[in-house]
Protein chains: 2
Amino acid sequence: MPRSKAYSDDLVLEKAMNVFWVHGYEATSVRLLEKEMGINQFSIYASFKNKKNLFVNALRKYREHVIINRFQPLLQEGAGLVELERFLINATVIRKSFDNKKGCLVVNTAGELGEKDPEIAREINQYYDFIRNMLLQVLKNAVAKGEILSNTDVEKQANFFLGVMQGISVAGKTMGKNQLKDFVEIALNQIK
Amino acid sequence: MPRSKAYSDDLVLEKAMNVFWVHGYEATSVRLLEKEMGINQFSIYASFKNKKNLFVNALRKYREHVIINRFQPLLQEGAGLVELERFLINATVIRKSFDNKKGCLVVNTAGELGEKDPEIAREINQYYDFIRNMLLQVLKNAVAKGEILSNTDVEKQANFFLGVMQGISVAGKTMGKNQLKDFVEIALNQIK
DNA sequence: GTTTAAACTAAGCGATTGCTTAGTATTCGA
DNA sequence: TCGAATACTAAGCAATCGCTTAGTTTAAAC
């Protein structure tokens, strides 16, 4: 009986994610969202309830996005130190190439909204839990492969590299290319 | 001839700094500012021109604040590895004590506003230049005292520890106490 | 004590915020 | 083909945004 939607929820959500990524939460108006998402306000509210809920969904979408476009090499079976090194170096390169001034949406959100909203805080935590587990597996693989010492405290190192990744997300906006390289090189050298 | 102000620019600026620190830039309204600063809108605009200019001044004030309340041990003559270690450990402790959910105003600002506004970007860069130079001096002192190897690349290490500090500012909101400790311990161990 | 320039009060400016709603269009099952 | 349920359009809601302004108070210079 019903009329069918003229847009895909998933597709317009991805557009919304990009708008929030560029402008942040507060500075993104619903007017701008309807323009960039290509649907009007009624449809936004019908599909996503309200602005905050749309944002929470955009954060989830961002996790998917990063997993597919950035983390894949680290999630491959047996990925170890070589992949971690390549990933971190690549992270610094990407942040200093073309017009990539957006940084990391999750870090931006943690900075702007902090722990004020419980749903958003939950999403932030889930994002970092995922990364920590990913790093832990990579480090375990590295031990198994003999790339790092077998007595390495991999849990501790996972926390360290998570911190380094968060540092890179800030430093990507404030440091030059070479300084960023210094940061990552020392982080990697300590485990080799 | 003129009537004299009933408030101190410096004192109300410090109040404004705290409001921005808690709520961020966009989420801080001028109505909230006049309430917390204890002066009305006319006086805010008379003393600080507009909201953005007030914020830029608040960022400058924040640098003063942090220098006095956090960096002093590192700025003492001859401060070296012992002071750096104490400082970083202390940074993690402070971030996990009482109700300190504010994080670092500069990191929050970098996340929320990025490089969008040139004046704000300039203030962010000056803040980190100061820290980098401070760390560089500390590391030079540490070499002179024989606390670290004399062939240490102190410039590179300064960039590393700057990145670590930025990481702590994000991790302080997202990591638990012990994870934060892991992060800092590994960062420090690599130079010992 | 008068003059005068600035500090202050309170009201309100137009614009924009997130969100809603009344009315219309569309597509489905029957 | 028609009824029903949902998608959509466009207008507009109250509230708040950053900021200004007209009118009043105050304190220093003479």
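Keep in mind it's a predicted model, so treat the numbers as computed, not measured.
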K.L.:
Decide yes or no for A/Arg95 and A/Lys177: does some side-chain heavy atom of the first lie under 4.5 Å from some side-chain heavy atom of the second?
P.N.:
no
K.L.:
Assess the side chains of B/Gln166 and A/Gln166: does a donor N or O sit below 3.5 Å from an acceptor N or O?
P.N.:
no
K.L.:
Return the value, rounded to whole Å, for the distance between atom CD of B/Glu34 and atom P of D/dT16.
P.N.:
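Answer to the nearest Å: 14 Å.
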K.L.:
Any donor-acceptor pair, under 3.5 Å, between the side chain of B/Arg3 and the base of C/dA7, if you only look at N and O atoms?
P.N.:
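For B/Arg3, whose side chain was compared with the base of C/dA7, there is a donor-acceptor pair (under 3.5 Å).
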K.L.:
Quick check: are there more than 12 heavy atoms from other residues, nucleotides or ligands sitting under 6.0 Å from NZ of A/Lys145?
P.N.:
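Check passes, neighbour count above 12.
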K.L.:
Using whole Å, report how far NZ of A/Lys35 lies from P of C/dT16.
P.N.:
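Value for this atom pair: 12 Å.
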K.L.:
Under a 4.0 Å heavy-atom cut-off, which of residues 13-29 of chain B touch DNA chain D?
P.N.:
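Going residue by residue through residues 13-29 of chain B, the ones with a heavy atom under 4.0 Å of DNA chain D turn out to be B/Thr28, B/Ser29.
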K.L.:
Please report, rounded to the nearest Å, how far the C1' atom of D/dT16 is from the CG atom of B/Leu33.
P.N.:
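For the pair B/Leu33 CG and D/dT16 C1', the rounded distance is 14 Å.
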K.L.:
Step by step, work out the side chain to side chain contact (heavy atoms under 4.5 Å, CB included) result for B/Leu33 and B/Lys15.
P.N.:
CA-CA 8 Å; B/Leu33 282 168; B/Lys15 304 241 177 137; over 6 Å; no
K.L.:
Using a 4.0 Å heavy-atom cut-off, does B/Ala46 contact any base of the nucleic acid, only the sugar-phosphate backbone, or nothing at all?
P.N.:
nothing
K.L.:
With axes from five pairs an end, tell me the bend angle of the helix from C/dG1-D/dC30 to C/dA30-D/dT1, nearest 10°.
P.N.:
0°
K.L.:
Output one letter per nucleotide in nucleotides 9-15 of chain D: B when a protein non-hydrogen atom lies under 4.0 Å from the base, S when only the sugar-phosphate is that close, - when neither is.
P.N.:
B--B---
